[in-house]
Every structure is written in C-alpha cells, then in structure tokens.
Amino acid sequence: FPLPKAARSAKNRAAAAEVAVQAPSADGGHLPGPLLSFEGMGNVDGLLPPDTNGDVGPNHYVQFINVSFAIYNKSGDLLFGPANEATLFQGFGTGCELYDSGDPLALYDHLADRWLLSFMAWPSSLPGDVYQCIAVSQSGDPLGAWHRYAFLVKRDKFNDYPKLGVWPDAYYMTANLFTSSSFAGAGVWAFERMQMLQGLPARLVHFDLAGVNPNFGGILPADLDGPPPPTGAPGYFAEVDDETWIAEQDALRLWEFHVDWATPANSTFGQAGQPNLILPTAPWSPLPCVGVTRNCI
C-alpha cells in the first residue's frame, strides 16, 4: 500500500520509540514452549516472498507456502502434498483451474468444523476475469471432499494481498487493488458462508473504497477464534496508518461491515466507506526498509 512520503527526523523517531514501547509484564512476557514442533514444507516453489501461513484444527494442520499446500496430522506426519493450489480446482474450469497466482490462505472454521482454502487467480492482462478461489471442506477432514467456488471479484483491478476472516454471517475478505501498473485502493468483500457450507450457490457483496479514500490499504478483517459474537454483530475490519500515509495523525481505523443477505443492496461498510471509529495511537514510524527489498523482515 502507499509508502511513506517522507522520513521523520531522528529526533521524532526517537521520541516515537520512547512513547510506543510497551512496559514488560511481571513475568517477563515469557510464553510457554510449544507442545509439539515439526518441519513443514520448505519453499518448494522458490518464490519470494513465500507467503507462509496455515491453520490448525482438532486433528490436522494445513500449511500454504505461496502456490503449494500440504496437510499434516497433529503428530507432524505428512498426509498430503505438497501440491499446487490449483489442484483444489482440477476439472472445475475458470481461472481457478488455469491460474495459480498465489497469496494463499488456510483457515479452520471452528464454528462449523470445516476448512477453508483460498487463493487469487489472475489473467495475464486487464480487463479480464479476476477471481478469488475458495474451497470449503464438506466435513472436518481436509483429506475429504470439497465445495469449490470461483468468485469473480473484479475485472478492472487485481486483488492483491487478500486476507480472509471467519465470521458467523459471512467469510469476510480484504485486498489491496491494483491496475496493471499501480496501486488502486482497497476492496472489501463478504461471501455467503451458510450457502458455501452446504455447497449451494453463494453470493458476494463488495465495496471498492478507492473513491472514498485512495490511500486506504492493508485493511484486515477480524477472524473469529473463540465463541460466536452476539447475533447480528457486524464483521469488524482494522487498518493501521502512519501519518505520512493518511494525514494528520498516526491512527488505527476501524470499520463495521453489515451484510444483508435478504437485501444485499442494503449492506453497508463503515459510514459510507469511512471508518466507524478512528483511534489515535502513540507516534510510530514505518520500518526504514519498507518498499526497499523483498527480503526485509
């Protein structure tokens, strides 16, 4: 997303670091050691960045590294893979079978005991059919059958850096949008979760925020891990911004996505796309290597 327009002075950076550092906890902030540790996939496709991610369920761990995924049991035994992400859509047609554009996501939906695997699929040029490919397991076993969805999310922009969250009324997603040559704002989506769990035709609701503020970017959806929220609770979204990205103050921006599946046109995101809440933060500065090298951590 948009990079800082100017570096802060050394004095301001030092002041920001002093204010924003968290005080140590009484126990030193130590976490317990892992119950189990085992080797996952390597970067089998040799792509940079590898976009490593995964999720854990009651009996399995599913891992993605760029355009490949693998399934393990919780003893660390490899049960499937590594396999290309498009394997999930073999024989399905659409760009989800033809393209393996990466930025994959593995999520376990604990509310339904299902797995969700997703990736983006792009044509070679725009305009063209730009997909978000989502496979939902038909049971709690990721080695079993899957419901498959090729959602046509855009035609004039690419859906880079997609992030998905599990919520009771929808699978919510964000992405940074790009034209063939430049950043083109942020997009948010809701996918019809209850239909997808049953393998039925499913709809999406989408908001393109470029016309609201072209500097929005890097928005993330809430992903539920605990008990369900109250019935009717909106999906929550957050974005952290430096003042050089969006003036005039470092802040955390929060949105509510109210999706209405009875009348999708009544769905709302924020206040006409603007945040529902802006929380000023202690001053902070982006890492100096942002935008300089893909090897920056």
In Å and rounded to the nearest 0.5 Å, what is the [atom1] to [atom2] distance from [X] to [Y]?
| X | Y | atom1 | atom2 | value |
| --- | --- | --- | --- | --- |
| L78 | E39 | CG | CD | 12.5 Å |
| D169 | H258 | CG | NE2 | 10.0 Å |
| L36 | S75 | CG | OG | 7.0 Å |
| Q138 | Q198 | CD | CD | 11.5 Å |

Side-chain donor-acceptor pair present, [X], [Y], cut-off under 3.5 Å:
| X | Y | answer |
| --- | --- | --- |
| D45 | S68 | yes |
| D141 | S139 | no |
| N176 | D160 | no |
| Q132 | N159 | yes |

Answer yes or no: is there a donor N or O on one side and an acceptor on the other, between the side chain of [X] and the main chain of [Y], under 3.5 Å?
| X | Y | result |
| --- | --- | --- |
| D51 | I65 | no |
| R148 | I134 | no |
| S118 | C133 | yes |
| Q249 | P280 | no |
| D250 | W284 | yes |
| E239 | F216 | no |
| T94 | A150 | no |
| N53 | P104 | yes |
| W245 | N215 | no |
| W167 | A233 | yes |

Answer whether the closest heavy-atom distance between the side chains of [X] and [Y] falls below 4.5 Å.
| X | Y | value |
| --- | --- | --- |
| H110 | L224 | yes |
| V188 | H206 | no |
| P58 | Y108 | yes |
| V62 | L117 | yes |
| W189 | Y172 | no |
| T52 | F64 | no |
| L220 | F237 | no |
| L204 | E192 | no |

Test of understanding: clusters of I, L, V, M, F, W, Y form through side-chain heavy atoms closer than 4.5 Å, transitively. Do [X] and [Y] belong to the same one?
| X | Y | answer |
| --- | --- | --- |
| M120 | L47 | no |
| L209 | I278 | no |
| V153 | F119 | no |
| L88 | Y131 | no |
| L107 | M196 | yes |

To check you understand the geometry: which heavy-atom pair defines the closest contact between [X] and [Y], and what is its length?
| X | Y | answer |
| --- | --- | --- |
| R155 | L126 | O-CD2, 3.5 Å |
| A238 | L254 | CB-CD2, 3.5 Å |
| P201 | Q195 | O-NE2, 3.0 Å |
| D109 | R193 | OD2-NE, 2.9 Å |
| G226 | L111 | O-CD2, 4.4 Å |
| Y149 | L200 | OH-O, 2.7 Å |

- Is the shortest side-chain N to carboxylate O distance from K157 to D208 below 4.0 Å?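 Salt bridge: yes.
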
- Salt bridge D103-K163, side-chain N to carboxylate O under 4.0 Å: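 Looking at K163 together with D103, the answer is no, because their closest N to O distance does not fall below 4.0 Å.
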
- Do W255 and F269 have ring centroids that are under 6.0 Å from one another?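 F269 vs W255: aromatic centres under 6.0 Å.
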
- Message: For F257 and F207, I'd like to know if the aromatic rings sit close, meaning centre-to-centre distance below 6.0 Å.
- Response: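 Ring centroids of F257 and F207 are less than 6.0 Å from each other.
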
Could you check whether the rings of [X] and [Y] sit parallel, tilted or perpendicular, using 30° and 60° as the cut-offs?
| X | Y | result |
| --- | --- | --- |
| F89 | F92 | perpendicular |
| F158 | W122 | parallel |
| Y72 | Y61 | tilted |

- Verify the neighbour count for atom CD of Q90: are there more than 12 heavy atoms of other residues, nucleotides or ligands below 6.0 Å?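 12 or below, so no.
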
- Message: If we check side-chain contact (heavy atoms from CB on, under 4.5 Å) with P123, which of these qualifies: V130, L98, D129?
- Response: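 By the side-chain contact (heavy atoms from CB on, under 4.5 Å) criterion, P123 pairs with just one of V130, L98, D129: V130.
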
